[in-house]
Number of protein chains: 2
Amino acid sequence: MNDSALPRQASETRDRILDAAEALFVEHGLEATSMRMITGRANANLAAVNYHFGSKDALIQEVFRRRLTELNRQRLAALDRLEAEAQGAPLKPSRIVEAFFGTALALAADTEHGGHTFMRLLGRTYTEPNAFVRQFLAEEYAEVLERFLGALYRALADVPREEILWRFHFMMGAMSYAIAGTDALQLFAGTFDDADPQRLMPRLMSFLLGGLRAPLPVFSAARDAAEGAAAA
Amino acid sequence: MNDSALPRQASETRDRILDAAEALFVEHGLEATSMRMITGRANANLAAVNYHFGSKDALIQEVFRRRLTELNRQRLAALDRLEAEAQGAPLKPSRIVEAFFGTALALAADTEHGGHTFMRLLGRTYTEPNAFVRQFLAEEYAEVLERFLGALYRALADVPREEILWRFHFMMGAMSYAIAGTDALQLFAGTFDDADPQRLMPRLMSFLLGGLRAPLPVFSAARDAAEGAAAA
DNA sequence: GTATGATTCAAACAAACGTTTGAATCGACT
DNA sequence: AGTCGATTCAAACGTTTGTTTGAATCATAC
C-alpha cells in the first residue's frame, strides 16, 4: 500500500470541481450557483461534490481555503522580510501597505492560474452575508491582520490606533472594488480600460498611500459652519 | 370613483413588504431571502408580493428604486447648488467629493428611517453578480455619474481623465466598505467602534480626499529593480 | 341592500434545490 | 483470476423555491 506516496492520480476530478465552482461563484454568486451547474461545468457527476467535499458549504470553504492560505502565507513572508531588513528599526508605512496589498494585487494580476478569478470572488466576499463564510474568513485572516495592524501601529506610533484601523478598512474596500468591480462597474463610462492589471498596482498604491497619509479628521461639533478649517 | 385621489389607504401592506425585504436582503442577501421570509416578517400573505409587485425580481428592483432615486436626486441638487454658487468658476474637487459621498453618508447615518439599512445593502450590491440588478443600477446611476465625473474632469483639468475615473472607483469602494462592512468585518480587532456614524463622515472624507490628491502613479517598466525611486 | 373593484387568503403548482443510495466501474495489489 | 478500496454513475429522496389560482373578505359607491 502506498499511503505515504501521493494519491493515485491526484483525483483530478476534485480540482476540476474546485475550478468550476470558483468560476461560477464569481459569475453568479455563492447562493445562485447550484451543484448541478458546478458538476456540469466540471464534467463530473452530481454526487461527486458530496463525495469529495461532503457538502456544498464544505466545497465553498475549500474554494476559499486553498487560495487564501497561500495568499496570507505570502503576505506574512513579505512582512517577515521587511522586519528582517529593518533590524528592529520602525518600518515605513508604505512598505507595510505594499506588502499586504501588493501581494494581493499580484495574485489578481495572475490571469493564467485563476488568481484573477479568485480575487474577484474574494473582494466580494468580505461583505458576504452568509454567516459561516464570514466566520471562516475571520479565522483565516486573524493572524495576518494582527501582524499587519501591529506593524502599522508601531510604524505610526503617533497616530491613534482607531484611525489606523479605519484607514486600513478603507484601503481594503478600495482594493476589493478595484478588483471585484472592474467589470461589474461598467456603470462608469462606456470604455473602462480595465484590461491592464499591470497598471492597476501603481494606481491603487498611490491612492491607498495618499489616503493613509491624509491629515487626520477633525470632529467638529458643528460641522455646518466649518468652512476652511485645516488640520495637520 | 376617486382615481385622482390617493389610493384608499395607501396600501400599507406594500410598504411593510418593502421594509421587510430591505432588512432581510441586508441580513441574508438577495438570493438567500425567500418570499416566505419576506411575507412572514411583513405579516402579509405569501401571494401579496406577486400581487403588489409582480415577481420577486420586480420587488428587488423596487426596494432599490425607492431609495436610490431620492439619493441621486439629492446628489444632483447638491451639485447644482455648488455650480450655482461658483458662477462658472471651477469647483473645488473636495466640494464635489463631499456632494457625492457626503449625501450618501448622510443617508447611511439615518438609522431611524432605514437609510442605514439600505446603504449597507447598496454598498454590497455594486459587486452583485445578479445581472438584472447590475443593469438596473447602471441605468439608475448613469446621469449622476456623468454629471459628477464631468465636474471632476473640469475641476482637475490637468489630471488625465483615466486617473480620475480610477480614483473615483477607488473612492466608491472605500465608502461602500465603510458602510457595508462595519459589522461584516469584525475580522478587524475585537472591538470595532462602528457605532458612531457621526464620526464616520469626517474620517472617510479625509481618507478619500487624501487618495484623490495623492501624487499620480509612475508606470515603471521594470518595477522589480525600483527600490527607492521617488516620484512627486 | 347590493353591486363593484381592490385586496387578502389558503391551497396547490411545477421546478429546482442539496443530499443520499446502491449498484457499476476502475486501478492496483496478491 | 480474484479481492479490495476508491471513484463514478443514474436515480431517487424529501424540501424548498417562486408563482398561480379561485374563493373569501373588505371598503366604497350607487
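Every chain is numbered from 1, with letters handed out A, B, ... down the list of sequences.
The NE2 atom of B:His28 sits 15 Å away from the C1' atom of D:dT16 (whole-angstrom rounding). Between the CZ atom of B:Arg14 and the P atom of C:dT8 there is a distance of 12 Å, rounded to whole Å. When the C1' atom of C:dC26 is taken as reference, atom OH of A:Tyr51 falls 12 Å away, rounded to whole Å. Straight-line distance from the CZ atom of B:Phe53 to the C1' atom of C:dT8: 15 Å, rounded to whole Å. Per the geometry, CZ belonging to B:Arg16 stands 11 Å off C1' belonging to C:dT8, to the nearest Å.
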Atom pairs, protein N/O to nucleotides 16-20 of chain C N/O, distance under 3.5 Å:
| from | atom 1 | to | atom 2 | distance (Å) |
| --- | --- | --- | --- | --- |
| C:dC17 | OP1 | A:Ser34 | OG | 3.4 |
| C:dG18 | OP1 | A:Lys56 | NZ | 2.9 |
| C:dG18 | OP2 | A:Met35 | N | 2.8 |
| C:dG18 | N7 | A:Arg36 | NH1 | 2.9 |
| C:dG18 | O6 | A:Arg36 | NH2 | 3.0 |
| C:dT19 | OP2 | A:Asn50 | OD1 | 3.4 |
| C:dT19 | OP2 | A:Lys56 | N | 2.9 |

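For A:Glu143, the salt bridge (charged side-chain N to carboxylate O under 4.0 Å, His left out) test picks out no residue, with sequence neighbours left out. With sequence neighbours excluded, the residues forming a salt bridge (charged side-chain N to carboxylate O under 4.0 Å, His left out) with B:Glu70 are B:Arg73, listed by chain and number. For A:Glu22, the salt bridge (charged side-chain N to carboxylate O under 4.0 Å, His left out) partners at least two apart in sequence or on another chain are A:Arg66, A:Arg67. For A:Glu62, the salt bridge (charged side-chain N to carboxylate O under 4.0 Å, His left out) test picks out A:Arg14, A:Arg65, with sequence neighbours left out.
At least one side-chain nitrogen or oxygen of B:Thr13 sits closer than 4.0 Å to the OP1 or OP2 atom of C:dT8. Using a 4.0 Å cut-off, some side-chain N or O of B:His52 falls inside it from OP1 or OP2 of C:dT8.
For the pair A:Arg167 and B:Phe207, the NZ or CZ position fails the cation-pi test of under 6.0 Å to the six-membered ring centre and within 45 degrees of the ring normal.
Pairs passing the salt bridge (Lys or Arg N to Asp or Glu O under 4.0 Å) check and including a residue from residues 30-42 of chain A, sequence neighbours excluded, read A:Glu27-A:Arg41.
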